[in-house]
Amino acid sequence: MTPIKHEDEALRQVLRRAYQEREKGEVTDQWQEEVMRRIRELGEIQASPSFLAMFEQLVWRLAPVTCLLILGLTLLLSSFDFISGYDVIQLLMNSTEEITLNQFFGL
Amino acid sequence: MDTDSHSSADAEVVDQIVSGDVNAFEILLKRYEGHVVRIVKKHIPFDKVEEVAQDVFIRIYQSLPNFKRDDSFKQWLSTITIRTCYDFWRKHYRYREIPVSSLSEKHQVWLEEATATKSSQSFDERDSQKKAREILDWALDRLSPEDRMVLELVYLEGYAVKEAASLLGWSTVNVKVRSFRARKKLHKLIKEML
């Protein structure tokens, strides 16, 4: 029986040899012309990055800060009760004897 | 021409192109065509080599303003080539269709014999390159683009983890872990076939 390590190494050698023996074809002559045609179509390259590229960079740089800010605000907001000012007044007007400000704010 | 003078010559051509001489790109294209095609051929199916190599040169052209004169142009170019190959597999992976089994019993018998044989001579005698390639492609097609690239670079080409990490733009830890897992997956796939 062949040891597992030896088997793995043998397999690796077989695969490596197969990998290195890729088909030996060359690219065609028209290939270079086609690349240059596409390059000329693109025209001159901009030495300084475009507005879009700069904007993209800025967005990615600010992304972690934005995420943290959103998370922080979400936590902060979730600790408050969502009652509109109108509802608060309604509540106080309807049962002034029962609800004091202390009760309302949970103090 | 030694490496230093080659690098400065490359940097001069890059300056020419960036300052508006589009045709000067032909110098870089002729100088590095062989190098790029050699890398692409290792990672991409032969019928797609021309297309991907073309994309590599377009990407190189568009990235020229970002090239730093102190860096080696050849190394920079190799990095773009590897990443373009990786992008090819990422796109391909989304639309791939895996046949249930494209390998015959002959492949299985051959693989069993090949892994059991110590001498490389008997491997060559079997007229087996095609079969080996088919088995390897079959297994690689079942791996994710990340596993495939890292496996090809580290396990099959023998790149150091650090080099592979620099080519792929990943951390060395990521390459190490992924390379180990990918190798396990490949061995598992092939052993399941046996």
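The sequence lines fix the lettering, A, B, ..., with proteins before strands; numbering per chain opens at 1.
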How close do [X] and [Y] get, heavy atom to heavy atom, and via which atoms?
X       : Y       : answer
B:Phe25 : A:Met36 : CD2-SD, 4.0 Å
A:Gln32 : B:Leu29 : O-CD2, 3.7 Å
A:Trp31 : B:Glu33 : CZ3-CG, 3.4 Å

Contacting moiety of A:Ile39, where chain B heavy atoms sit under 4.5 Å
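For A:Ile39, backbone and side chain are both near chain B.
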Do A:Arg38 and B:Asp55 pass the side chain to side chain contact (heavy atoms under 4.5 Å, CB included) test, and can you show the C-alpha distance, the side-chain angles, and the key distance before you say yes or no?
CA-CA 10 Å; A:Arg38 282 182 67 186; B:Asp55 290 344; 3.6 Å; yes
Region of B:Asn66 in contact with chain A, defined by heavy-atom distances below 4.5 Å
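Contact with chain A is absent: no heavy atom of B:Asn66 under 4.5 Å.
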Measure distances from B:Ile17 to the heavy atoms of chain A and classify the residue's part below 4.5 Å as side chain, backbone, both or neither.
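Both backbone and side chain.
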Determine whether A:Leu42 and B:Val36 fall in the same hydrophobic cluster, where Ile, Leu, Val, Met, Phe, Trp and Tyr are linked whenever their side-chain heavy atoms lie under 4.5 Å apart.
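In one cluster: yes.
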hydrophobic_cluster_shared for B:Phe46 and B:Val37, side chain cutoff 4.5 Å:
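Linked within one cluster.
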Looking at A:Arg40 and B:Val22, would you say the former's side chain and the latter's main chain have a donor-acceptor pair under 3.5 Å?
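Checking the backbone N and O of B:Val22 against the side chain of A:Arg40, no donor-acceptor pair under 3.5 Å is found.
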Sidechain-backbone polar pair: A:Tyr19 side chain, B:Glu157 backbone, donor-acceptor under 3.5 Å:
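Not at all, since once roles are kept as given, no pair shorter than 3.5 Å links the two residues.
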Less than 4.5 Å apart, side chain to side chain, heavy atoms only: is that true for A:Leu15 and B:Ile190?
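Counting from C-beta outward, A:Leu15 and B:Ile190 do come under 4.5 Å.
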A:Arg37, CZ: over 12 other non-hydrogen atoms inside 6.0 angstrom:
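Enclosed: over 12 neighbouring heavy atoms sit under 6.0 Å from CZ of A:Arg37.
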Would you indicate whether B:Arg59, at its atom CZ, is surrounded by more than 12 heavy atoms from other residues, nucleotides or ligands within a distance under 6.0 Å?
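Enclosed: over 12 neighbouring heavy atoms sit under 6.0 Å from CZ of B:Arg59.
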Rounded to the nearest 0.5 Å, how far apart are CD of B:Glu51 and CD of A:Glu34?
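Interatomic distance, B:Glu51 CD to A:Glu34 CD, rounded to 0.5 Å: 11.0 Å.
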